[in-house]
Engineer: 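Before we start, here is the structure in question, set down as structure tokens.
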Amino acid sequence: MFDLSGRTALVTGAGQNVGAGIATALAARGATVAVNDIDAARALETAERITSDGGSAVALPFDVTDGPAVAAAVGSLGPVDILVNNAGNGGAQRLTVKPFRDMAAGEWDQAIAVNLYGVLHCCHAVVNGMCERSWGRIITISSGAGTGGVNIGVSHYSAGKGGGLAFTRTLALEVARHGVTANSLALGLLATPDPQVTASIARAIPVGRTGTPLDVAAACVWLASQEASWVTGQTIQLNGGSITT
Ligand SMILES: NC(=O)c1ccc[n+]([C@@H]2O[C@H](COP(=O)([O-])OP(=O)(O)OC[C@H]3O[C@@H](n4cnc5c(N)ncnc54)[C@H](O)[C@@H]3O)[C@@H](O)[C@H]2O)c1
């Protein structure tokens, strides 16, 4: 089950954390993985680690917000069977966190660019080829912020993540008759670099712990597999049982 041999996967933002975990897990199941990141050194590091562990991977750095760059990179790669839209900028260090009332016009641009436009550009670059070959898997990594708007101060991130999963749901309907599935994973909070913050987040999660890249990677392996061909248009809450709307 869940054999991905012969498949080519593109994982965006795979230079570290969740994306690196997803790329590693797909490669362990036999996929050849294109490791994307805007940070070329990070992409190369993940690709080299996968290769040294016996998997098949290439680094494919580009900025998912740059449509022509996405198209050129995907064109150079050849047919993509599995796309994981993981690149995001949810980390507090990259997002302005403040109430929407205090935001100036434009302060939301980057959140929308990465979390929504990045998904559109990458899907656009691969979806016709998937439909022509009658097989494809699209997985969009979203957030509880996209389904429930759970955090005050990140309305722009919620808009981007919510847009990404709404788009993915509609795309699923459009391509369902072509052997292509499209699903989203709405993640709850994962561990942060600060153990005290992580522990306090974990206390509010029903299973008693924050998520890990492996939790996300396991769901991606399943959704990417032949066995998940009847699963499409779904947004799966991956959050340790937290209540969502
Ligand atoms: N960590 C969490 O608690 C959490 C919770 C909910 C959702 N998410 C989502 O999960 C995904 C992964 O999160 P993470 O914690 O691993 O993030 P991270 O910030 O650790 O890693 C994201 C990677 O994406 C890359 N990236 C950023 N912008 C890019 C761009 N324009 N083009 C290409 N690559 C780009 C970064 O360089 C980085 O390597 C993101 O989409 C995030 O929004 C994370």
Engineer: Determine the minimum heavy-atom distance between Asn85 and Gly118, stating which atoms define it.
Structural biologist: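 Nearest pair, atom of Asn85 first, then Gly118: OD1-O, 4.4 Å.
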
Engineer: If we ignore angles and hydrogens, is there a donor and acceptor under 3.5 Å between the side chains of Asn36 and Thr12?
Structural biologist: no

Engineer: Kindly give the heavy-atom pair with the smallest separation between Val11 and Val33, and that separation in Å.
Structural biologist: CG2-CG1, 4.0 Å

Engineer: So among His156, Gln110, Lys161, which one has a side chain to side chain donor-acceptor pair (under 3.5 Å) with Asn115?
Structural biologist: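 Among the candidates, only Lys161 passes.
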
Engineer: Got a sec, which residues hit side-chain hydrogen bond (donor to acceptor under 3.5 Å, both in side chains) with Thr212, two or more places apart in sequence or on another chain?
Structural biologist: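 Applying side-chain hydrogen bond (donor to acceptor under 3.5 Å, both in side chains) to Thr212 gives Asp215.
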
Engineer: Under a plain distance cut-off of 3.5 Å, with no hydrogens placed, do Thr192 and Asp194 share a side-chain donor-acceptor pair?
Structural biologist: no

Engineer: Between Tyr157 and Ala111, which heavy-atom pair has the shortest distance, and what is it?
Structural biologist: N-CB, 4.0 Å

Engineer: Will you find, in the side chains of Thr232 and Thr181, an N or O donor that is under 3.5 Å from an N or O acceptor?
Structural biologist: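 Checked: Thr232/Thr181 side chains show no N/O donor-acceptor pair below 3.5 Å.
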
Engineer: For a quick test of your reading: what N or O donor-acceptor pairs under 3.5 Å do the side chains of residues 70-79 make, sequence neighbours left out?
Structural biologist:
unit_1, atom_1, unit_2, atom_2, d
Ser76, OG, Ala73, O, 2.7

Engineer: So which residues get pulled into Ile38's cluster when ILVMFWY side chains under 4.5 Å apart are joined, directly or through others?
Structural biologist: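 The other cluster members (ILVMFWY side chains, heavy atoms under 4.5 Å, direct or chained): none.
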
Engineer: Can you confirm whether Asp37 sits close enough to Thr46 that some side-chain heavy atom of one is under 4.5 Å from a side-chain heavy atom of the other?
Structural biologist: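 Not touching, per the 4.5 Å side-chain cut-off.
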
Engineer: Considering non-hydrogen atoms only, spot the tightest contact between Ala47 and Ala59 and give its length.
Structural biologist: CB-N, 3.7 Å

Engineer: Side-chain heavy atoms nearer than 4.5 Å, only ILVMFWY residues, links allowed to pass through others: does that put Val35 and Ile82 together?
Structural biologist: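 Linked, Val35 and Ile82 end up in one cluster.
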
Engineer: Can you find a pair of side-chain heavy atoms, one from Val127 and one from His178, that are under 4.5 Å apart?
Structural biologist: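 Val127 does not reach His178 side chain to side chain.
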
